[in-house]
Every structure is written in structure tokens, then in C-alpha cells.
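The structure appears right after this line, and notes come after that.
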2 protein chains.
Amino acid sequence: MTDRNQTATLADVAQAAGVSTATVSRCLNEPEKVSERTRKKVIAAVNTLGYAPNFAAQAMAARRSKTLGAVIPTMANAIFAEGLNAFQETVMEAGYTLLVATSNYDPDEEETQIRTLLARGAEGLMLIGHERNQSIKDYLAKRNVPKVVAWAHDPQRVGSSIGFDNARAMAAIVNHVKGLGHNHIALIAPPTEGNDRVQARIAGAADAVGHALPTEIATYDLDAAADAFARLMTLSPRPTAVLCSNDVQAAGAIMQARAMGLAVPGDVSVTGFDDLAIARAVDPAITTVRVPHKRMGRMVAEQLLSRLAGGADRMVELETTLVVRGSTAAPQ
Amino acid sequence: MTDRNQTATLADVAQAAGVSTATVSRCLNEPEKVSERTRKKVIAAVNTLGYAPNFAAQAMAARRSKTLGAVIPTMANAIFAEGLNAFQETVMEAGYTLLVATSNYDPDEEETQIRTLLARGAEGLMLIGHERNQSIKDYLAKRNVPKVVAWAHDPQRVGSSIGFDNARAMAAIVNHVKGLGHNHIALIAPPTEGNDRVQARIAGAADAVGHALPTEIATYDLDAAADAFARLMTLSPRPTAVLCSNDVQAAGAIMQARAMGLAVPGDVSVTGFDDLAIARAVDPAITTVRVPHKRMGRMVAEQLLSRLAGGADRMVELETTLVVRGSTAAPQ
DNA sequence: GATGAAAGTGTAAGCGCTTACATTCCTGAA
DNA sequence: TTCAGGAATGTAAGCGCTTACACTTTCATC
């Protein structure tokens, strides 16, 4: 801890330029309020000293951090990557920086991450799904932090959200499969706790067929999905269609089908969700639901910025589209 | 901007607990220095007020942020996700928080991201690869910011790095393919500018065969790789093996081969790099190089923390392993 | 040239914390 | 009982910035 990280301060720049710190600050933040002459002097000083503003000091003095936060369940698969990217881009264009945290699908972890982001000065949050601990909901309400919920749409809720109707999207898949003639349909879904998107999908599927479907729980990786698929294949009657909550799981299911010598879609149809790259990479390509991730991310950012500027809450429902590919066909 | 975000401050807690701010601060940061009695009072006050420390103020007063930064090329594919995750976990265990930024494989963008992270108080950085703008190198050197380079190992360089020998890993693939009897080998690689890992891989392949190989450049997505594969198939003699710089590209190549009616590995062998999930999801599964992402991420964090604590620079070379799967076979 | 408004600049008070140093309290040995 | 010395606490000086307010210049107008 010697003089590491020694950095020029505003005062250094001011001295070098022969002006006051106020002028330097203005020059950097509201250049139009400073005369041409002074501006040049200041900029020269900034450059020679390699001055970079200290973020903490800035945030503290101005009492706003120009920072937004996002907490997503995971970075481990691509589900959120694209939306987050679009979110980030939009946010940066507006001069804000983004703090990202992951909750690992754990409500408690999400809560601490939210608190951390807030302590770090996040002025607004993007959150995934509606469901979370009551304590953190209260906290957010009390602090009056603008937030917008993404990846979910539920007209029953209040507040800002940009998302799609998970139940309806799932129902669309079910109807497609039913339309092909399948009567023995089963589900592979990730753990439902704290995940209202998945709950909605399971419920949507049940609604569409009129009863609850046999469901195996698997985490978001190939092997877990493969195991779940194997378990489903022991049921009798054996399902002729397996609907997965995610393309990765669908890929795992297809992988396992291959290992078991079952043809897809000949012996069993498989569907995914999200339309990730992997959906087209596997053989057969996966019938899935395309979610407008990019658009969603961008709209979340816009809505959040609008809330920050005093705008009203808004709920937007985005359309999803069924993408039929080779992994589904009529049962033999 | 009314009284939004009003939050209890240290002073509020101090008043509520009937002690000084210094005591509250100590109670939170060095509890052992405070008597049992006071501690209880303070903790009670903290809870009833819902106090959370203001990060900016903390960082400013203590003149250290307990923050590390990482800038990775992209979150769009899974390449860096796993390593970053491990990095993050290790860093959090040590009580640090992590700031992540993406450069989109653009050196200039990387430079601004690094500056941003530093302005935000990052005390150390994880960077991918050795190659970057001289200006930012100078800046880091001048500010004496501890950094460790990941994903690359180059004995020629100085400083801390945890990585593997990209050239050697690629040579291993080439040797495997050559060993199967292939003489017409081609490459699909991402844009090489500012990406020393890819440059090393291309060079490693060239070394292993004794001459430069026909190479098509494609970004990290299925379609770009598919196009690149199609272009390679127009060469004469037609390559019997296509080595990709990444599993996603390999998946794209296989997808395209299927579309063109070419059998993999019958008509053409394909290899990948990284051993991502997708490598096992596709059919045939991809012969690839397994990189110890998790271990690497963890070691980078440890090395960075050690540097922060005054430790010395260290260069670690990790082993990679060739994983032979169905996508490679002897040429017909 | 005098005048007042507008434009440019400076002064200084914090923002919410940490921490060196000063002060007070408590303990046990003499 | 006394008192040294450690333990517990308080006081107050910043950390590097922004910004209200005060002040000085500039300049068009009369």
C-alpha cells in the first residue's frame, strides 16, 4: 500500500490549469458553461496529468451514481446473455454504467445481491421474474427504487415489466404437439422454487391439456436433462413427446435419446424453449419458442431510464413465436 | 428527485444507538474492538433503521474499494462464463466484489472499459490475453495496477498470467488429425486482430504441419462458421479435416456439412476448442480440447488477491487435454 | 462613457464514511 | 486505596468531488 494507484485529482488539474476546481468540474460536466479559452487549458491539463475522475467521489458529491443494476439467475448458460447485452448497450448509450450480479436461482442470494447493488449506488434495477422474498420487496418499496421485471408478463401484478406470457408460450407448444396427435406428453423443467417463469410454463402446459403432466426436474445442463429424459422413458405409457423448459435441456434429451437408441422425432418428439443457438446446432434441430431477447433487453433499459426520469410504470407483453423444426413429428 | 432513495446513514445509526459514528463504524468493520453491550445496541439500531453502508463513501474514506475488475471479450457465448464464474466466487469469498465489463473483442473498447473499471475503484484486474493497446499498458504500468492475464500463456511475456499454451493445444489437435492420416487440413478461426490466443492457435497449427494452413475467418456464431465451412469446401483439393478455433464454430461447421450432404467424419473431420456443452450435444460429438476453465478462474482470482497483498508475479501454465470424440476419423 | 444583464469564475460547504489521536473507563497489582 | 495501562469510546480531519451562492468580467445598449 505504498503510493500505488496515486492518481491526479481534480485539484491537481485545477492547479495545473490555473483555475478553480469548480471550473474544472464544470468543464468536464457542463462544457457549455465554460469559456473556450479555459476549456482548452483544462483539457490540456487533464491530458498531461492523465486525470480520470474518481467515481466514488463523484457519486457521493452529486448524490447520483449514473449506475443501474441487473441481477440475473446465471451466466452459465446463454439464456440471459443476449438480453443482458442489449440492456447493457442501451444503458451505456444513455451514459449509465451497469452492475451485473447473479443469484444462482436462489432467492436469498438474489436478495443479498440486490442489497449489494443498491449499496453500490444502483439507481434502478432490472430483475428477472416477479417472484422474490417479501423482505426484499418491502425494502425496494421503502427505498422507492425504480425496477423493471423482465422475462415475465403477468397482468395480475403491478409495476413495470417487459416480458412475455410464459404460460401462453408453453400452451402454444403443447397445442402444436397435440395437433400432431400426441397424447402422452411429459415435461422436463428446472427447479421451480422462486422461478415463476417455469411455474407459469408448467401451469400453461397443464391448462392446455386439461391435466397436470408428468414432470421431471433437471438443472440447466445436458447431463441432468439427459437423466430426466431417461426417467421419463421408464413411464408407462411411455411419453411420445417431451417438452423441455429450455433448449439446453432439449439438447440433453435428444442426446440421451440417441444414447438409448430412440429416434427423434420418430420414437419421441422433443421441444425446447428460448431458441438459443444450440437449437439449430443439434440434429434434429429443435422445435422451440423464439423469445425476442434483444428487443426485451432494450425495452427494459428504456423503461428503466424512463422511470428514473420520472416516467410512469408500464407493462409490456412481447410476442413469442413457435419455431417448428425437425425434433417434432406425429407419433408413429 | 424528491426524497427517493433516502437511506439511514452511519450518523443516524449512531444517534439511535446513542454512540458516536466511530463506534458504529468499528462495530461494523472490527467488531472485536467494541464491547458486547455497545455492539448489541448498534446492531439493533442497524436493523431497525435498515441501515446499509454507502459504498462510495466507504471506498472514499478508506481509500480502498474492495473491488476487482474483469474485462472479457464477450458474454454472448459460453467461452468465458465458466471461468468468470469461478473467478467471481473466489473473489467474493475473499470479501471483494467484482465488476465485469465486455470489450466485444475490440482493443479500443477494452481500453475504455479498463479505464472505467479503474475509475470505479477496481484495485486489480483480470484481463484476457496479452495483446492490447500500448497506451493502456502504459497507463496500467504507471498506475501500478495489479493485473493478471488469463486464457493465455506466453513465457516471453512478463507479469502474472494463468493460462495455457494455445499454440501447443492446437498442435495437439493437428497431430491427432495428422495421425489419422489427414493431409488436407483447413482452419476456421475468429478475427485475429487483438486476439493473441487465436493468433497462437493458427501459428501452432502451421508449425505442426510445417506450413500455413488455408484459413477462413468467421465470428463466433453458427451461421458465420457455416459460411466459412462452405467456402473451405470449395477449395481443391478439398480439405478432409476442418479445425475450428471454438466449439460453436465446429457445431456450425457440422451443421453446414449436414446441409451440404457431407458426412462427418466420413467425408470431413471437424474439431473444436474449449469443450463447451455444445460439443457433446451435437451429433457427432466434437473432438476438442478441454480447457480447465474453472481451475483457471479460481487461480486467476487467487493470484490477483496475492498480488494485492504484495505477492510476486507468477506465471502458471495449465495443461489442456485433447478429447477425442466422434467428429474425427481417418479420411476415406 | 455609463449601465445592467448575461456569462464566466471562484469560494466553500458538504456528501457518508474511516481512522489517527485524544479522552474516558475499567481492571488488577501494589 | 491507588494508579498504571489496556480497553472502549469519542472527536474531528479528511477522502475527491459537485454545486449553491457570491463575485467578477464582458458586452450590447443607451
Side-chain angles (χ1 to χ4, degrees), chain A residues 1 3-43 45-46 49-67 95 118-121 123 143, chain B residues 1 3-43 45-46 49-67 95 118-121 123 143:
Chain A
M1 291 297 156
D3 43 11
R4 141 184 317 176
N5 277 4
Q6 55 177 297
T7 298
T9 70
L10 240 213
D12 296 333
V13 176
Q15 189 174 28
V19 299
S20 73
T21 60
T23 300
V24 178
S25 175
R26 275 191 288 262
C27 187
L28 265 23
N29 302 312
E30 311 159 293
E32 73 283 359
K33 290 197 176 173
V34 166
S35 78
E36 177 78 26
R37 241 168 55 83
T38 343
R39 203 181 316 154
K40 275 189 184 158
K41 280 193 301 186
V42 171
I43 292 180
V46 164
L49 292 176
Y51 169 76
N54 178 306
F55 176 80
Q58 229 171 231
M60 182 133 109
R63 255 156 298 176
R64 46 170 206 31
S65 60
K66 282 277 201 173
T67 292
L118 259 23
R120 293 194 74 104
E123 296 171 21
R143 284 193 48 169
Chain B
M1 291 305 154
D3 42 11
R4 143 185 312 176
N5 276 1
Q6 56 177 297
T7 297
T9 69
L10 240 212
D12 297 334
V13 175
Q15 189 174 27
V19 298
S20 74
T21 60
T23 300
V24 178
S25 175
R26 274 190 289 262
C27 187
L28 265 24
N29 301 314
E30 312 159 294
E32 73 283 359
K33 289 198 175 174
V34 167
S35 78
E36 178 78 24
R37 243 168 55 84
T38 354
R39 204 182 315 155
K40 275 187 185 159
K41 281 192 300 184
V42 171
I43 291 179
V46 164
L49 292 176
Y51 170 76
N54 177 308
F55 176 80
Q58 229 171 233
M60 183 133 107
R63 255 153 299 177
R64 43 171 209 32
S65 60
K66 283 275 199 178
T67 293
L118 259 22
R120 294 194 73 103
E123 296 173 18
R143 284 195 47 170

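All chains are named by letter (A, B, ...) in the order of the sequence lines, taking the proteins before the strands, and each is independently numbered beginning at 1.
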Which atom of A:C27 lies closest to which atom of A:R39, heavy atoms considered: SG-CG, 3.4 Å
Between A:N54 and A:A57 the two heavy atoms that sit nearest each other are OD1-N, 3.0 Å
Which pair of heavy atoms, one from A:V24 and one from A:V19, lies closest together, and at what distance? CG2-CG2, 3.7 Å
Could you tell me which non-hydrogen atom of B:D12 sits nearest to which non-hydrogen atom of B:A8, and how far apart they are? OD2-CA, 3.4 Å
Estimated bend of the helix from C:dG1-D:dC30 to C:dA30-D:dT1 (axis per five terminal pairs, rounded to 10 degrees): 40°
Distance check needed: D:dA8 P versus B:E36 CD, whole Å only. 11 Å
Base versus backbone protein contacts along nucleotides 11-17 of chain D [heavy-atom cut-off under 4.0 Å; B, S, -]: BB-BBBB
Donor-acceptor check, side chain of A:Q58 to backbone of A:P53, threshold 3.5 angstrom: yes or no? no
To the nearest Å, give me how far apart CG (A:L28) and P (D:dT18) are. 7 Å
Whole-Å distance separating the CD atom of A:E30 from the C1' atom of C:dT9: 13 Å
Could you state the atom-to-atom distance from NZ of A:K33 to P of C:dG10 in whole Å? 15 Å
Closest approach of A:L10 to A:T21 (non-hydrogen atoms, all atoms of both residues): CD1-O, 3.7 Å
Between A:T67 and B:R120, do the side chains contain an N or O donor and an N or O acceptor separated by less than 3.5 Å? yes
Trace of the side chain to side chain contact (heavy atoms under 4.5 Å, CB included) decision for A:Y51 with A:T7: CA-CA 7 Å; A:Y51 169 76; A:T7 298; 5.5 Å; no
